Amino acid sequence: MPELPEVETMCRGIAPVVGGKIQQLTLCDLPLKPIRLVPDLAKLKQRIEGKTIEGISRKGKRVVLSLSSDNLLVIEPRMTGLLLVSDPPNESHLRLKFKLKNAGAKELLYWDRRGLGGVTLFTSEEFQQHFDRTLGPDALTVSLKELTQRFQKSSREIKVALLDQKAIAGIGNLYAAEILHLSKIHPRRVCQTITKAEWKCLYQAMQGILTEAILYEGSTLSDGTYRNALNKNGSYQNHHRVYAKAGEICPLCKKAEIERIVQAQRSTFFCGKCQK
DNA sequence: CATATGTCCTGAGAGC
DNA sequence: TGCTCTCAGGACATAT
C-alpha cells in the first residue's frame, strides 16, 4: 500500500528517467481489466510520445512527471501500483511501458497487481485546479499551525481524519497507526478533544515516522507487493511498532498487548495502555 | 459545507 | 484437492 514514504522512495528510484524522451507508450495486453487511463490510450499516446520527462515530484501519494509539453503525467499507485526502472515482480501484472531515449533508463514500467491505480494527464492549469480541490498540504511539509487549524474543529476520530487526503496528503492506514502510537494518542479520540500539546506531539511523531520510513525505503508487507524502483523490498516493516501486530506485546510499555479495532471499515492497531 | 458509506480490483489464506 | 468465503485499503461517487 504505497503511502507517502513508499511513493517518495518510488520518486527517488525512478530519477534515471529524467531527461528521457518518451518514444512509445504501450498498454500491456493482459487477461485483466485494464487500468484507468485519462485520457484514453490513443489520446495519451498522441499527447506524450515525443515529449521529454523534465522532472519528478510527489503530491501526497501520487507521482508527478512534468513533461516538456507543459503537461503533467500523474501516476496514482493506490493499493498495489509500482513504478520500476528494472524487471517487474512478474509479467502478469505489468500494465504500462514507457520506452525512453536519452535517459539513464531504457524504460519506465507501471506494474499493478490489483489494478486499482491509474494514470492521468493534466495541463498545468488542470493540474493546479485538480490538486487544490482534492489534496490538502503534504504531510512532510505542512506546518504545526496549519495541521492544528485543519483538524482541531473536526468531530471525527483522529485516525479517520488522518486518512482524509483533503485534510492532509500522504498518510494511509499503516502510518496513521504508527504515528498515533508514537504520539500516545488513542485512535478513537475525537479531534475536538485533542489538546494543543497533543497536536504538537502528533506533529513531531508524524515528521519522525515519515522521515524514518523514507530512510528505510518504505514498508514491504507480508504480501510482498511493495518494492522499490529496482524491485527490491523496503525494510521499514522491521521497525513497525503496532501495524498488523495484534496480540503482540507493545514495544513501548512492554506490558500490554496490541489491539485491533475497525474504524471506517479499516483495521486500526494500537496499545490501549500507552495511547490515551 | 462536513461526514459517512459502498464500490472497485486481485490474490492469499482460511475453512470445509 | 478444490471449492467458497473473507480480507487487504486508497480514492472516488453517492448519500445523509
Side-chain angles (χ1 to χ4, degrees), chain A residues 1-8 10 27-28 30-38 58-64 74-83 88-96 110-120 122 126-127 129-136 138-139 149-180 187-193 210 213 218-227 237 240 242-247 260-270:
Chain A
M1 57 178 99
E3 301 181 26
L4 187 152
E6 289 76 24
V7 178
E8 179 63 27
M10 221 176 265
L27 179 63
C28 300
L30 300 175
L32 298 170
K33 187 174 175 182
I35 59 157
R36 182 174 41 85
L37 299 180
V38 180
R58 181 184 58 72
K59 285 245 175 201
K61 303 175 197 175
R62 294 145 206 222
V63 177
V64 182
V74 176
I75 297 109
E76 283 187 49
R78 299 219 184 166
M79 289 300 293
T80 54
L82 300 178
L83 283 174
N90 63 37
E91 294 293 325
S92 55
H93 301 99
L94 185 58
R95 310 295 183 140
L96 288 174
Y110 181 70
W111 181 95
D112 193 338
R113 181 162 62 75
R114 283 165 65 181
L116 293 171
V119 171
T120 308
F122 294 96
E126 289 167 345
F127 176 83
Q129 281 179 6
H130 178 77
F131 284 105
D132 286 350
R133 195 162 41 80
T134 59
L135 292 187
D138 194 83
Q149 279 174 352
R150 284 177 162 264
F151 283 83
Q152 65 187 354
K153 287 186 180 160
S154 171
S155 61
R156 288 190 291 188
E157 294 174 337
I158 180 62
K159 159 67 172 12
V160 177
L162 282 172
L163 298 183
D164 181 354
Q165 303 301 298
K166 282 195 287 295
I168 191 166
I171 310 287
N173 207 44
L174 191 168
Y175 292 102
E178 295 295 327
I179 290 164
L180 288 172
R188 285 224 194 273
R189 284 280 296 283
V190 168
C191 291
Q192 287 157 340
T193 73
L210 295 176
S219 303
T220 300
L221 302 180
S222 55
D223 68 359
T225 298
Y226 172 72
R227 331 279 289 180
Q237 66 279 6
H240 291 173
V242 291
Y243 183 77
K245 292 187 183 291
R260 174 186 178 274
I261 57 174
V262 174
Q263 293 175 279
Q265 291 136 301
R266 270 85 175 124
S267 295
T268 301
F269 301 91
F270 69 102

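Residue numbers start from 1 in every chain, and the chains themselves are labelled A, B, ... in the order their sequence lines are given, proteins ahead of strands. Only a predicted model underlies this, so the values are computations on that prediction, with no experimental measurement involved.
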Checklist entry - Does a donor on one side chain and an acceptor on the other come within less than 3.5 Å for A/Q263 and A/E157? => result yes
Next on the checklist: Quick check on B/dA12: is either OP1 or OP2 less than 4.0 Å from any side-chain nitrogen or oxygen of A/S222?
Outcome noted: no
Item to check | Nearest-nucleotide comparison on DNA chain B, the residue closer to the 5′ end among A/R78 and A/H93 | outcome: A/R78
Next on the checklist: So, OP1 or OP2 of C/dG9: does either fall under 4.0 Å of a side-chain N or O from A/Q265?
Outcome noted: no
Checklist entry - Closer to the 5' end of DNA chain B via nearest nucleotide, is it A/D223 or A/K153? => result A/K153
Next on the checklist: For C/dA8, does the base pair up with any side-chain atom of A/R114 as donor and acceptor (N or O, under 3.5 Å, distance only)?
Outcome noted: yes
Next on the checklist: Can you confirm whether the side chains of A/S219 and A/Y175 place a donor and an acceptor under 3.5 Å from each other?
Outcome noted: yes
Next on the checklist: Just verifying a value: how many Å separate A/L30 CG and A/H93 NE2, rounded to the nearest 0.5 Å?
Outcome noted: 8.0 Å
Checklist entry - Side chains of A/T80 and A/R114: is there a donor and an acceptor less than 3.5 Å apart? => result no
Next on the checklist: Counting only side-chain nitrogens and oxygens, does A/T134 get under 4.0 Å of the OP1 or OP2 atom of C/dA11?
Outcome noted: no
Item to check | Any A/R266 side-chain nitrogen or oxygen under 4.0 Å from OP1 or OP2 of C/dA11 | outcome: no
Item to check | Euclidean distance, A/T268 OG1 relative to A/R188 CZ, rounded to 0.5 Å | outcome: 7.5 Å
Next on the checklist: Just to be sure I understand the rule, does A/R260 reach a base, reach only the sugar-phosphate, or reach nothing, if contact means heavy atoms closer than 4.0 Å?
Outcome noted: sugar-phosphate
Next on the checklist: Please tell me if A/Y226 has a side-chain N or O lying less than 4.0 Å from either OP1 or OP2 of C/dA8.
Outcome noted: no
Item to check | Selection from C/dG9, C/dA11, B/dC8 that lies nearest to any side-chain heavy atom of A/R62 | outcome: C/dA11
Checklist entry - C/dA11 phosphate, OP1 or OP2: any side-chain N/O from A/K61 under 4.0 angstrom? => result yes
Next on the checklist: Heavy atoms only, 4.0 Å cut-off, all strands: where does A/G172 land among base, sugar-phosphate and nothing?
Outcome noted: sugar-phosphate
Next on the checklist: Need one value for A/M1: base, sugar-phosphate or nothing, where a base atom within 4.0 Å counts as base even if backbone is also close, heavy atoms only.
Outcome noted: sugar-phosphate
Checklist entry - Is any side-chain nitrogen or oxygen of A/S267 closer than 4.0 Å to OP1 or OP2 of C/dA8? => result yes
